[in-house]
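See structure below.
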Amino acid sequence: MGALIFYIAIYFIGYYAAHLLNQTVGRILIRNRRIAGVVLVLIVSMGHGYKIISTPPPHDHDDGAGYALGLYVIMPVAIIVMGVLYLMWQERNDDGDIS
């Protein structure tokens with residue numbers, strides 16, 4: 001649960017950083033802020049995954065690196081990507097319903 005909250009926070013940092021960049025420059029540099037948030041999540045998850053794989057697990061954990069990688073990196077990132085894709089799909093459907 002903590003990893004999911006961490007990656008959601010990273011997503012919103014990327015999302016609002018893209019908005020802040022667009023506001024600061026005065027024109028649109030990054031068109032899709034949702035994708036910018038997902039890109040930041042993917043960058044952070046690659047670093048997090050590397051850290052999990054490259055360091056030995058704590059002495060009291062019998063689980064392997066694959067379990068930790070799946071639970072703390074792959075699952076939260078997959079949930080965020082599915083959520084963003086769903087929201088983008090909903091937004092596209094809402095734009096098409098205008099009569």
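Nothing here was measured: the structure is a model prediction, and the numbers come from that model.
In this structure, Met1 CE and Leu71 CG are separated by 12.5 Å, a value rounded to the nearest 0.5 Å. Taken from CG in Leu20 to OH in Tyr15, the straight-line distance is 13.0 Å, to the nearest 0.5 Å. Atom-to-atom distance recorded for Ile10:CD1 and Ile5:CD1 is 13.0 Å, nearest 0.5 angstrom. Expressed to the nearest 0.5 Å, how far NE2 of His19 lies from OG1 of Thr24 amounts to 9.0 Å.
Here salt bridge (Lys or Arg N to Asp or Glu O under 4.0 Å) pairs that include residues 22-51, with residues two or more places apart or in two chains, are Arg34-Glu91.
Minimum heavy-atom separation, Pro76 to Gly70: CD-O, 4.5 Å. Of all non-hydrogen atoms in Ile30 and Ala36, the two that sit nearest each other are CG2-CB, 4.0 Å. Nearest heavy-atom pair across Ile8 and Ile80 is N-CD1, 3.6 Å.
In this structure, the side chains of Leu40 and Tyr11 stay at 4.5 Å or more apart for every pair of heavy atoms. With contacts defined as side-chain heavy-atom distances shorter than 4.5 Å, the pair Gln90/Tyr86 qualifies.
Cluster annotation: Val39 and Leu21 are assigned to distinct hydrophobic clusters (Ile/Leu/Val/Met/Phe/Trp/Tyr, side-chain heavy-atom contacts under 4.5 Å, transitive). In this structure, Ile74 is a member of the same hydrophobic cluster as Val84, with clusters built from ILVMFWY side-chain heavy atoms closer than 4.5 Å. Hydrophobic clustering keeps Leu4 apart from Leu87 (ILVMFWY residues linked when any side-chain heavy atoms are closer than 4.5 Å, directly or through intermediates). Linking Ile, Leu, Val, Met, Phe, Trp and Tyr whenever their side-chain heavy atoms come within less than 4.5 Å puts Leu69 and Ile43 in one cluster. Hydrophobic clustering of Ile, Leu, Val, Met, Phe, Trp and Tyr side chains at less than 4.5 Å, counting indirect connections, keeps Tyr50 apart from Val44.
Using a distance-only test at 3.5 Å, with no hydrogens or angles considered, no donor-acceptor pair links the side chain of Asp63 to the main chain of Ala68. When atom types are taken as modelled, the side chain of Asn22 and the backbone of Leu29 share a donor-acceptor pair closer than 3.5 angstrom.
Between His48 and Tyr7, the angle of the ring planes lies from 30° to 60°, which puts this pair in the tilted group. Between Phe12 and Tyr16, the ring-plane angle classifies as parallel under the 30° and 60° cut-offs.
Every residue two or more places apart in sequence or in another chain was checked for a side-chain hydrogen bond (donor to acceptor under 3.5 Å, both in side chains) with Tyr72, and none qualifies.
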